[in-house]
Amino acid sequence: MIKLTMPDNSVREYEDGIVALDVAKSISDGFARIVVGAIYNGETIGLLNEIKNDGSIKFLKFEDKEGKHIFWHTSSHIMAHAIKKLWPDAKLAIGPAIDNGFYYDIDMEYRLVQEDFEKIEAEMKKIAKEGLTLERFELPRDEAIKFMEEKQEPYKVELIQDLPEDAVISFYKQGDFIDLCAGPHLESTKKPKAVKLLSIAGAYWRGSEKNKMLQRIYGITFEKAKDLEEYIKLMEEAKKRDHRKLGKELDLFFMSDEGPGFPFFLPKGVEVKNELMRFWREMHKKAGYVEIETPLILNRHLWETSGHWFNYKENMYTVEIDEQDFAIKPMNCPGGILVYANKMHSYKDFPMRVAEVGRVHRHELSGALHGLMRVRAFTQDDAHIYMLPEQIKDEIKGVVKLIDELYSVFGFSYNVELSTRPEKFMGEIKDWDVAESSLKAALDEMEVKYVINEGDGAFYGPKIDFHLTDCIGRTWQCGTIQLDYQMPQRFELEYTGADGQKHRPIMIHRTAFGSIERFFGILIEQFVGAFPTWLAPVQVKVLPISDKFNDYAEQVKKELDEMNIRVELDTRAEKIGYKIREAQMEKVPFMFVVGEKEVEGNTVSVRERQQGDMGSMKIEDIGNIILNKILSRENDSPQLI
RNA sequence: GCUGCCGUGGCUCAGUAGGUAGAGCGACGCACUCGUAAUGCGUAGGUCAACGGUUCGAUUCCGUUCGGUAGCUCCA
């Protein structure tokens with residue numbers, strides 16, 4: 001007998017080797033029907049796994065993240081099964097669960113088109129209906145390879161060959177379909193009843209562009225049709241928040257065929273950007289930064305020294321001037337370093353925090369461009385910090401804190417990644433160890449949650465990245481903190497230490513917004529275009545009821561102008577309902593309706609975008625309320641569902 | 001860059017099984033002078049992304065290019 005501890009700390013006894021599903025049944029049959037897997041001693045297991053030792057067990061439902069994972073992983077097998085039935089020559093590569101569904105990479109002659117989705121979905125539903133049991137079995141390496149060779153699955157053979165010598169090689173079988181897989185899986189194909197294939201795209205085998213491009217089919221499944229409908233609806237809602245759509249509708253920015261990847265900002269977009277930068281400068285000044293500007297174009301010699309001319313050439317825009325090669329800067333650091341090198345420095349100057357809001361140009365691949373999120377010309381809120389080794393940790397902490405404060409003003413949640421030494425790296429391992437442990441210590445001491453991307457750092461140093469999420473859940477790297485050991489060496493930067501000797505400074509390269517353009521894109525999506533009052537391009541719109549009151553409205557506007565509130569006047573010969581509708585769609589935080597009553601009482605009738613009519617108020621009173629919101633940078637954007 | 005899909009007035013979209021296009025919104029004009037999410041009438045606006053081919057004839061079919069888009073790769 002074995003003892004299993006339940007999540008409520010009760011202990012139950014079972015036969016040795018009982019499968020998880022039977023444990024669930026012992027609780028209740030109804031419970032057993034809704035569970036999809038379990039966590040046993042910290043490990044996610046399938047319901048048909050045998051349990052042989054004492055331990056703790058917690059069952060997973062579809063609602064649990066791990067539960068969804070199991071559910072969608074099995075779904076990907078069902079999809080592969082369906083595709084194999086329809087196109088027996090399809091070669092299977094990999095088919096994992098992802099955060100929102102699953103995909104399977106396959107290789108076959110036939111090019112799938114959207115119209116095939118229905119056929120595949122129907123086949124998947126058939127397999128679900130059959131309720132096939134997923135049986136797990138293991139094979140020794142040689143047999144596993146032979147088995148997959150017989151099945152003519154070259155990608156699977158390659159996968160097995162790359163597994164470590166001692167790896168357990170397991171397969172899952174459902175009916176006549178067998179797939180190499182570590183699991184775990186649902187006990188049966190019967191649960192994923194509601195099926196929808198989402199899209200088809202190319203994906204390189206093993207993620208390398210040198211390899212063959214396979215067909216990747218994305219899909220999602222649910223237990224009930226209702227949940228699927230809800231999901232589709234939610235996605236449609238989310239797409240309405242797309243910054244590319246809102247940017248156009250709200251006259252913030254646009255893209256032109258004449259400049260792919262080079263955004264044009266309209267007056268309203270520039271208002272928001274300027275407000276962002278005002279805030280940014282305020283914060284950085286308080287945090288002890290100074291600001292510089294460096295040229296957009298610098299000569300080849302500089303880019304050779306920095307290494308960009310050789311390592312980054314295909315991303316740089318170059319130009320010839322007076323028979324000399326120049327490059328438009330793809331990064332600000334080399335220019336910033338020239339500023340450092342322009343003068344002698346002492347250890348007493350450190351830490352030296354030098355910011356630059358720099359426009360950079362990078363020739364990104366055309367397929368990578370995406371609205372404001374991925375452009376070819378963008379503005380980095382860059383800064384370089386020069387310091388002593390013993391100052392690293394505190395400086396990192398300072399930057400982490402600054403970024404956290406900055407993001408929290410917008411109410412953004414973010415996730416942090418720490419990327420460590422890659423295989424190809426510059427410098428001494430001991431420097432890397434110091435750098436990595438400084439980054440870790442800073443994050444740990446600040447109790448910041450982060451994931452480690454082993455070996456994903458830049459070749460010149462490890463980095464901390466801050467990621468924000470867009471309307472449909474894609475994450476974008478915004479802020480970054482990078483320790484750079486390479487540039488100070490390449491440019492032979494120096495400072496005079498307390499010992500009177502020359503030393504090499506440590507350099508941090510960091511951004512908070514990352515790219516103003518990308519951050520702006522995230523901002524639009526998070527607020528669905530309804531910016532908090534302090535950021536709104538138009539904060540108040542004055543709406544006279546008829547043109548008899550235009551003079552008074554003009555007077556109101558003037559008063560608000562004097563208070564430094566961004567105000568617009570709508571004197572068109574339209575009905576008040578129409579003007580309000582339009583202002584509402586422009587997501588203007590405040591509307592002041594003025595007519596006869598207001599002229600008489602020297603007031604305005606205030607309408608707030610979310611609360612609606614707030615009654616009449618003295619201009620000065622409501623003006624001060626708005627001014628307070630602006631000065632405190634209150635996040636008064638309408639609450640989202 | 002690669003794979004799939006897409007490209008019709010400023011915007012959103014309809015249409016042409018090959019015979020040079022239509023709506024709503026917007027813009028403009030006129031009338032209405034209006035109280036919290038759309039007043040009515042009228043006018044202008046498109047070489048159907050560009051180039052080439054097939055055809056008596058192409059916006060429609062084919063090809064190429066450009067641009068967009070979903071992913072892959074890359075990255076802030």
Side-chain angles (χ1 to χ4, degrees), chain A residues 98 103 105 111-115 198-218 242 244-245 248-249 251 254-261 312 314-315 330-332 358 360 362-382 458 463 465-468 472 474 476-480 482 509-519 521-522 543-550 573-586 591-598 605-609 611-616:
Chain A
I98 51 177
Y103 67 79
D105 285 350
R111 296 267 129 210
L112 286 167
V113 290
Q114 293 269 338
E115 287 70 50
L198 300 170
S199 65
I200 175 158
Y204 300 109
W205 165 238
R206 313 208 108 179
S208 167
E209 57 188 328
K210 292 190 184 76
N211 291 337
K212 184 168 183 186
M213 181 164 272
L214 311 173
Q215 303 189 65
R216 174 171 295 180
I217 306 109
Y218 287 88
D242 193 311
R244 292 167 296 190
K245 184 174 147 64
K248 207 183 280 180
E249 285 171 5
D251 287 325
F254 71 95
M255 292 290 184
S256 164
D257 286 1
E258 311 290 333
Y312 208 70
E314 64 278 17
N315 276 305
M331 292 178 194
N332 300 304
V360 296
R362 299 180 186 175
H363 183 77
E364 300 292 351
L365 294 177
S366 61
L369 302 179
H370 183 98
L372 288 182
M373 305 298 198
R374 193 75 184 279
V375 291
R376 283 177 172 160
F378 61 100
T379 316
Q380 289 184 310
D381 61 320
D382 220 335
K463 55 177 189 162
D465 292 332
F466 295 76
H467 295 250
L468 294 172
I472 61 165
R474 288 176 291 218
W476 298 90
Q477 185 193 314
C478 290
T480 181
Q482 307 181 351
H509 173 110
R510 49 113 282 180
T511 63
F513 288 140
S515 130
I516 316 296
E517 289 75 6
R518 178 178 286 182
F519 194 83
I522 297 274
L543 312 174
I545 285 189
S546 80
D547 51 19
K548 282 191 290 196
F549 312 107
N550 282 0
E574 295 290 350
K575 284 169 83 174
I576 192 65
Y578 181 84
K579 292 185 185 180
I580 287 172
R581 179 186 150 80
E582 202 146 290
Q584 198 79 42
M585 291 201 305
E586 285 165 18
M591 287 154 254
F592 289 0
V593 177
V594 296
E596 201 169 351
K597 275 186 294 183
E598 289 72 24
S605 176
V606 179
R607 184 189 162 95
E608 201 264 351
R609 64 184 161 194
Q611 296 170 46
D613 196 348
M614 291 169 73
S616 68

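Residue numbers begin at 1 in each chain, while the letters A, B, ... track the order of the sequences. Atom set for the values below is all heavy atoms of this structure, side chains included, hydrogens, waters and symmetry mates excluded. This structure is a prediction, so every number in the text was calculated from the model and none was measured.
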Asks: Categorize A/Glu249 for me: base, sugar-phosphate, or nothing, with a 4.0 angstrom heavy-atom threshold over every strand shown.
Replies: nothing
Asks: At under 4.0 Å between heavy atoms, what does A/Met373 touch on the DNA or RNA strands: base, sugar-phosphate, or nothing?
Replies: base
Asks: Would you classify A/Phe519 as touching base, sugar-phosphate or nothing, given that sugar-phosphate means primed atoms plus P, OP1 and OP2, and contacts are heavy atoms under 4.0 Å?
Replies: nothing
Asks: Look at all strands and tell whether A/Arg376 reaches a base, only sugar-phosphate, or nothing, counting heavy atoms closer than 4.0 Å.
Replies: nothing
Asks: Have a look at A/Arg518 and say if it touches a base, only the backbone sugar-phosphate, or nothing, with a 4.0 Å heavy-atom cut-off.
Replies: base
Asks: Taking the side chain of A/Leu365 as its heavy atoms from C-beta onward, which of B/U39, B/G1, B/C34 lies nearest to it?
Replies: B/G1
Asks: At less than 3.5 Å, do the side-chain atoms of A/Glu598 and the base atoms of B/G35 form a donor-acceptor pair?
Replies: yes
Asks: Select base, sugar-phosphate, or nothing to describe what A/Ile576 touches, counting heavy atoms under 4.0 Å on all strands.
Replies: sugar-phosphate
Asks: Among B/A76, B/C34, B/C11, find the nucleotide with the atom closest to the side chain of A/Lys548.
Replies: B/C34
Asks: Counting side-chain heavy atoms from CB outward, which of B/G1, B/G71, B/C11 is closest to A/Ser366?
Replies: B/G1
Asks: Figure out the CG/P separation between A/Asp547 and B/C30, and round it to whole Å.
Replies: 13 Å
Asks: What is the distance, rounded to the nearest whole Å, between atom CD1 of A/Ile200 and atom P of B/C72?
Replies: 14 Å
Asks: From C-beta outward on A/Met585, which listed nucleotide comes closest to its side chain: B/U73, B/A70, B/A37?
Replies: B/A37
Asks: Which pairs of donor and acceptor atoms, one on a side chain in residues 365-378 of chain A, lie under 3.5 Å apart (sequence neighbours left out)?
Replies:
{"unit_1": "A/Arg374", "atom_1": "NH2", "unit_2": "A/Glu364", "atom_2": "OE1", "d": "3.0"}
{"unit_1": "A/Arg376", "atom_1": "NE", "unit_2": "A/Glu364", "atom_2": "O", "d": "2.9"}
{"unit_1": "A/Arg376", "atom_1": "NH2", "unit_2": "A/Glu364", "atom_2": "O", "d": "2.8"}

Asks: Could you work out which one of B/A70, B/C75, B/C34 sits closest to the side chain of A/His370?
Replies: B/A70
Asks: Can you check the distance between B/A44 and B/U54, where both ends of the measurement are the P atom (answer in whole Å)?
Replies: 39 Å
Asks: To the side chain of A/Lys575, which of B/C72, B/C34, B/U69 is closest?
Replies: B/C34
Asks: Which of these nucleotides, B/A37, B/G71, B/G26, is closest to any side-chain atom of A/Gln584?
Replies: B/A37
Asks: Looking at the side chain of A/Tyr204, which of B/C75, B/C2, B/G71 is the nearest nucleotide?
Replies: B/C2
Asks: Have a look at A/Ala573 and say if it touches a base, only the backbone sugar-phosphate, or nothing, with a 4.0 Å heavy-atom cut-off.
Replies: base
Asks: Nearest to the side chain of A/Arg111, heavy atoms from C-beta on, is which of B/C32, B/G4, B/A76?
Replies: B/G4
Asks: When you measure only distances, ignoring hydrogens and angles, does the side chain of A/Arg374 come within 3.5 Å of the base of B/C74 through a donor and an acceptor?
Replies: yes
Asks: Tell me whether the side-chain N/O atoms of A/Arg362 come closer than 4.0 Å to OP1 or OP2 in B/C74.
Replies: no
Asks: According to a strict under-4.0 Å criterion, is A/Tyr312 in side-chain N/O contact with OP1 or OP2 of B/C74?
Replies: no
Asks: Reckon A/Gly202 touches a base, only the sugar-phosphate, or nothing at all at heavy-atom distances under 4.0 Å?
Replies: base
Asks: Check every atom of B/A70, B/A38, B/G68 against the side chain of A/Leu369 and return the nucleotide holding the closest atom.
Replies: B/G68
Asks: When we call it a touch if two heavy atoms are under 4.0 Å apart, what does A/Glu596 touch: a base, just sugar-phosphate, or nothing?
Replies: base
Asks: Remember a base hit wins even if backbone is also touched, and classify A/Gly207 as base, sugar-phosphate or nothing at under 4.0 Å, heavy atoms.
Replies: sugar-phosphate
